[in-house]
Amino acid sequence: MGSFIVFEGGEGAGKSTQARTLSRRLSREGYQVVLTHEPGGTPLGETVRRWLKTRRGLTPTTELMLFTAARAQLVETIISPALESGRIVICDRFIASTVTYQGCGRGLDLELINRLNKATTHNLFPDLTVFLDVEVETGLARKKGRPGGQTAERDTFESETLEFHRRVREGYLALASSEPPACSGREGWLVIDGTLPRDTIASRIWEKVRQILDDRPADAR
Ligand code: Z5A
């Protein structure tokens, strides 16, 4: 069985940057890595992603079902087979995103979300969830600062209120500090201040991931 590492955080927290950096580092060290993201990572998932980010007027429940459908397809066709063949899977967002965005952000029933999360993943939890924490305003400003960010049309989530994004952040902080850890498996959550320099963040993540990989039984390395 491989290892499953998930990156979580609000908009512009630096998840994609760090997921790519970790993937490159692991590949250089000789590990077989699958880097993927949610929503997306499969043809169905990419179609759902476009819908979710651009179509206005989806009801919160419809939104929840679409994220969930995309996840079911990703887990069954990409993530689980890769883990079974011993690869390291890095995923940019996973089940905690549904708890924080659809649960804390949209106000949908958390019990329903947890049941759907379990059903669509067949109880698969990340070995480690890295949470990059930044103030909402910082993350949103970073997205505007990206090339084309000033002129690009804001997507469904970027158009949400600051209050929405604050509830999401509070949701992450609560999940990451809960005992036993919620939405994550054996290694729980690694919380990192996302305003630190990129290299410092990458080193902290690497230190933790290397320790997890070193602790794996010899036949899993
Ligand atoms: N969503 C949901 O509601 N429910 C679910 O179940 C799931 C998702 C799975 C996906 O959009 C949306 O779906 C997401 C939640 C929702 N919307 N929101 N919010 P997405 O994939 O397009 O958006 P995202 O996941 O939020 O990613 P992002 O906005 O692109 O941000 P990021 O990946 O965290 O950040 P980044 O691209 O790596 O970096 C952003 C910028 O900051 C970039 O210019 C970097 O160069 C810069 N950066 C990165 N690190 C640093 C540091 N350390 N210092 C300074 N600047 C930095």
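Both counts, for ligands and for their atoms, begin at 1 and track the order of listing. Keep in mind that this is a model prediction, so the values were computed, not measured.
- Relative orientation of the F157 and F164 rings is tilted, given thresholds of 30° and 60° on the angle between their planes.
- When only interatomic distances are considered, the shortest N/O to N/O separation between D155 and ligand 1 does not fall below 3.5 Å.
- At a 4.0 Å cut-off, at least one heavy atom of L196 sits close enough to ligand 1 to count as contact.
- Within the listing of ligand 1, atoms 32 (P), 34 (O), 35 (O), 36 (P), 38 (O), 39 (O), 49 (C), 50 (N) sit less than 4.0 angstrom from a heavy atom of G14.
- Contact check on E187 versus K208 returns a salt bridge, with a Lys/Arg side-chain nitrogen under 4.0 Å from an Asp/Glu carboxylate oxygen.
- Other residues, nucleotides and ligands place more than 12 heavy atoms under 6.0 Å from the CZ atom of R142.
- With a heavy-atom cut-off of 4.0 Å, K143 touches ligand 1 through its side chain alone.
- Using a cutoff of 4.0 Å between basic side-chain nitrogens and carboxylate oxygens, R166 and E137 are scored as salt-bridged.
- The distance criterion of under 3.5 Å between nitrogen or oxygen atoms is met by G12 with respect to ligand 1.
- Within a 6.0 Å radius of CH2 in W51, no more than 12 heavy atoms belonging to other residues, nucleotides or ligands are found.
- With a heavy-atom cut-off of 4.0 Å, R93 touches ligand 1 through its side chain alone.
- Using a non-hydrogen distance threshold of 4.0 Å, E160 does not register as a contact of ligand 1.
- Every N/O-N/O distance between D92 and ligand 1 stays at or above 3.5 Å.
- Residues L116 and R71 have side chains not in contact (no heavy-atom distance under 4.5 Å, counting atoms from C-beta outward).
- Close approach to T98 involves these atoms of ligand 1, each under 4.0 Å from a residue heavy atom: 5 (C), 6 (O).
- Separating the OG1 atom in T17 from the CG atom in L132 is a distance of 9.0 Å, to the nearest 0.5 Å.
- Counting only distance, with no hydrogens or angles, the side chain of D127 and the backbone of I5 share no donor-acceptor pair below 3.5 Å.
- Annotation for ligand 1: atoms under 4.0 Å from non-hydrogen atoms of I201 are 53 (N).
- Between the CG atom in N117 and the CZ atom in R115 there is a gap of 11.5 Å [rounded to 0.5 Å].
- The shortest N/O to N/O separation between K15 and ligand 1 falls below 3.5 Å.
- Between H165 and Y101, the two ring planes are perpendicular [angle over 60°; tilted spans 30° to 60°].
- For ligand 1 and R71, the ligand atoms under 4.0 Å from any heavy atom of the residue are 6 (O), 9 (C).
- Between T195 and ligand 1, not a single N/O pair is under 3.5 Å apart.
- Here Q102 has side-chain heavy atoms under 4.0 Å from ligand 1, and that is the only part of it that gets that close.
- When heavy-atom distances to ligand 1 are checked against a 4.0 Å cut-off, E158 has no atom that comes that close, whether in backbone or side chain.
- When only interatomic distances are considered, the shortest N/O to N/O separation between A13 and ligand 1 falls below 3.5 Å.
- Between the side chains of S23 and Y31, no donor N or O sits under 3.5 Å from an acceptor N or O.
- Counting only heavy atoms from C-beta outward, the side chains of I205 and T21 never approach each other to under 4.5 Å.
- Within the 4.0 Å heavy-atom cutoff, R49 counts among the residues contacting ligand 1.
- Of the candidates R106, R198, E8, E38, it is R198 that places a heavy atom closest to atom 46 (O) of ligand 1.
- Judged by the shortest distance from any of its heavy atoms, K53 lies inside the 4.0 Å radius around the atoms of ligand 1.
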